Amino acid sequence: VRRAMTRGVLRRLTALAFCGLLAACAVPLTYPAGPTATTPHFLMDWFVARDGIRMTVRSWKPPGTVKAVIVALHGFNDYSNFFAEPGAWLADRGIASYAYDQRGFGDGVGIGLWAGIETYAHDLADFTALVRRAHPGVPVYVLGDSMGGAVALVAGAGPAETRPDADGMILAAPAVWGRAAMAWYERGALWLTAHTIPAFRLTAQGLNIQPSDNIDMLRALGRDWRVIKRTRVETIYGLVGLMDRALAVAPRFSEQALILYGAKDDIIPGRPTFETVRRLPAAARDRQTFALYEGGYHMLLRDLNAEVVWRDILAWIDNAKAPLPSGADRRAARALEKEASTETP
């Protein structure tokens with residue numbers, strides 16, 4: 001999730017919004033999929049969606065037998081290459097992975113524009129169906145990172161037409177910091193700015209947060225032209241709407257799932273993350289595992305110690321009922337108990 005969602009930026013948005021009021025009123029726009037023009041399919045290195053839009057696909061495949069497949073969904077302002085290192089590592093262990101650039105991100109059309117929750121969910125369901133068709137009889141898992149985790153959560157709790165045909169879901173630092181977790185001035189600043197200067201672009205310059213301890217990786221992202229550096233306010237507004245929906249649908253999310261979170265996450269606060277986990281349906285608790293990584297940052301899959309997380313993912317795919325090798329699931333259970341015991345009645 002872009003660091004433009006921090007409190008310092010939202011306070012600055014208030015002043016910018018008042019400037020916008022002097023000019024004209026506007027509304028944040030969504031740029032959804034067009035009318036159906038084709039059957040979703042793969043074409044060389046592209047995923048062709050039902051409206052004919054092409055999205056770049058990257059894949060990492062084992063040299064031998066495929067024992068499971070992961071559909072990896074990137075985070076906000078990122079693109080499919082986010083899964084390069086875990087994808088290659090998992091491929092050496094029999095797991096094939098596919099990732100695509102979601103609309104508005106990567107190197108496709110409409111870069112920087114928000115396509116809307118339903119469009120992102122439909123694309124995920126269609127892409128997952130194509131991957132399953134390419135690997136008949138092999139279990140398929142959806143892995144969503146940050147914004148991708150929110151899309152996966154919403155799709156997994158949604159109607160049949162947007163629910164991915166997956167054997168389980170892995171939500172890595174899912175983006176669940178919606179309006180319910182924001183202060184009133186943060187909500188007000190976002191609304192005012194999005195409705196006055198929606199096309200205004202924000203950067204993360206000057207923000208004192210750390211998304212990962214992997215500094216070389218962060219510098220590489222800074223040089224990568226496919227990673228968006230300046231974000232439209234209306235796109236941030238759309239992201240917050242997605243995060244709102246993800247938190248709201250948590251009680252209906254009954255998919256088998258592994259939920260990963262880093263204790264040092266500066267992007268998505270712990271409180272809404274823990275609240276999301278508590279809202280999950282009681283009937284699905286034996287099918288859902290929450291893992292807390294003491295030294296983990298928001299970019300869990302790319303931190304310096306990321307292999308610990310990769311090994312947990314691999315172990316969970318092999319046996320979702322067994323304890324995780326790292327002990328992160330036990331740590332998460334203790335943290336949930338501690339937080340519950342300190343809450344005011």
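Not measured: the values here are computed from a predicted model.
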Could you check if a side-chain atom of [X] sits within less than 4.5 angstrom of a side-chain atom of [Y], using non-hydrogen atoms only?
X	Y	answer
Thr231	Asn77	yes
Ile215	Leu218	yes
Leu242	Val151	yes
Asn214	Met299	no
Arg285	Leu280	no
Glu234	Trp114	no
Ser146	Phe76	no
Trp191	His195	yes

Which residues pass the side-chain hydrogen bond (donor to acceptor under 3.5 Å, both in side chains) test with [X], sequence neighbours left out?
X	result
Asp224	Tyr79
Arg163	none
Arg93	none
Thr162	none

Output the distance between atom [atom1] ([X]) and atom [atom2] ([Y]), rounded to the nearest 0.5 Å.
X	Y	atom1	atom2	answer
Met217	Asp303	CE	CG	6.5 Å
Leu221	Arg226	CG	CZ	12.5 Å
Ile197	Arg232	CD1	CZ	12.0 Å
Gln102	Met55	CD	CE	8.5 Å
His135	Lys67	NE2	NZ	15.0 Å
Arg287	Glu255	CZ	CD	7.0 Å

Surrounding [atom1] of [X] (heavy atoms of other residues, nucleotides or ligands, distance under 6.0 Å), is the total greater than 12?
X	atom1	value
Lys61	NZ	no
Glu294	CD	no
Trp184	CH2	no

Could you check Asp107 against Thr56 for side-chain hydrogen bond (donor to acceptor under 3.5 Å, both in side chains), going step by step and ending with a plain yes or no? CA-CA 7 Å; Asp107 59 8; Thr56 297; 2.6 Å; yes
Partners meeting side-chain contact (heavy atoms from CB on, under 4.5 Å) with [X] (sequence neighbours left out):
X	answer
Arg133	Leu130
Leu247	Ala180, Glu275, Thr276, Arg279
Ala125	none
Arg271	none

State yes or no: do [X] and [Y] share one hydrophobic cluster built from I, L, V, M, F, W and Y residues joined by side-chain heavy-atom distances below 4.5 Å, directly or via other members?
X	Y	answer
Tyr120	Val48	no
Leu304	Leu292	no
Val240	Met147	yes
Ile267	Val233	yes

>> Under the criterion side-chain contact (heavy atoms from CB on, under 4.5 Å), I'd like the reasoning laid out for Val176 against Met243: C-alpha separation, chi angles, the key distance, then a yes or no.
In response: CA-CA 5 Å; Val176 290; Met243 295 194 291; 5.6 Å; no
_Hydrophobic cluster (4.5 angstrom, side-chain heavy atoms) - remaining members for Ile70_ =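 Direct or chained contacts put Ile70 with Trp60, Phe82, Phe83, Trp89, Leu90, Ile95, Tyr141, Leu143, Ile170, Leu258, Leu260, Tyr293, Leu300, Leu301, Val308, Val309, Trp310, Ile313, Leu314, Trp316, Ile317, Leu324.
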Keeping to residues at least two apart or across chains, list the salt bridge (Lys or Arg N to Asp or Glu O under 4.0 Å) pairs with something in residues 70-92.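 Counting only pairs at least two positions apart or across chains, the salt bridge (Lys or Arg N to Asp or Glu O under 4.0 Å) contacts touching residues 70-92 are Asp78-Arg302.
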Option among Val71, Asp167, Val138, Val69 that satisfies the side chain to side chain contact (heavy atoms under 4.5 Å, CB included) test with Arg132: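 Looking at Val71, Asp167, Val138, Val69, the match for Arg132 under the side chain to side chain contact (heavy atoms under 4.5 Å, CB included) is Asp167.
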Pairs touching residues 40-53 that satisfy side-chain hydrogen bond (donor to acceptor under 3.5 Å, both in side chains), sequence neighbours left out: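 Qualifying pairs, neighbours excluded: Arg50-Asp126, Asp51-Arg103.
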- Which atom names give the shortest non-hydrogen contact between Ile111 and Gly106, and what distance separates them?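 Closest heavy-atom pair between Ile111 and Gly106: CD1-O, 3.4 Å.
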So, for Ala91 and Pro63, which heavy atoms are closest and what is the spacing to 0.1 Å?
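Smallest interatomic distance, heavy atoms only, reads O-CD, 4.0 Å.
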Judged by atom type as modelled, is there a donor-acceptor pair below 3.5 Å linking the side chain of Asp312 to the main-chain atoms of Ser326?
->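 Here the side-chain-to-backbone pair exists.
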**OP:** Ignoring hydrogens and angles, tell me if any N or O in the side chain of Tyr261 forms a donor-acceptor pair with the backbone of Ile268 under 3.5 Å.
**Re:**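 Answer holds: yes.
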Practice item. Could you tell me which residues satisfy salt bridge (charged side-chain N to carboxylate O under 4.0 Å, His left out) with Arg331, sequence neighbours excluded, listed by chain and number? Key: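 With sequence neighbours excluded, Arg331 shows a salt bridge (charged side-chain N to carboxylate O under 4.0 Å, His left out) to no residue whatsoever.
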Could you please spell out the steps behind the side-chain contact (heavy atoms from CB on, under 4.5 Å) verdict for Ile209 and His298?
-> CA-CA 10 Å; Ile209 58 175; His298 185 64; over 6 Å; no
Passing candidate, ring-ring contact (aromatic ring centres under 6.0 Å, His included) with His74, options Tyr100, Phe105, Tyr98
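Among Tyr100, Phe105, Tyr98, the one that satisfies the ring-ring contact (aromatic ring centres under 6.0 Å, His included) with His74 is Phe105.
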- Message: Between Trp177 and Thr273, is the side-chain contact (heavy atoms from CB on, under 4.5 Å) condition met? List the steps.
- Response: CA-CA 8 Å; Trp177 186 43; Thr273 301; over 6 Å; no
### Message
Apply side-chain contact (heavy atoms from CB on, under 4.5 Å) to residues Val249 and Leu153 and explain how you reach the verdict.
### Response
CA-CA 8 Å; Val249 303; Leu153 201 164; 3.4 Å; yes
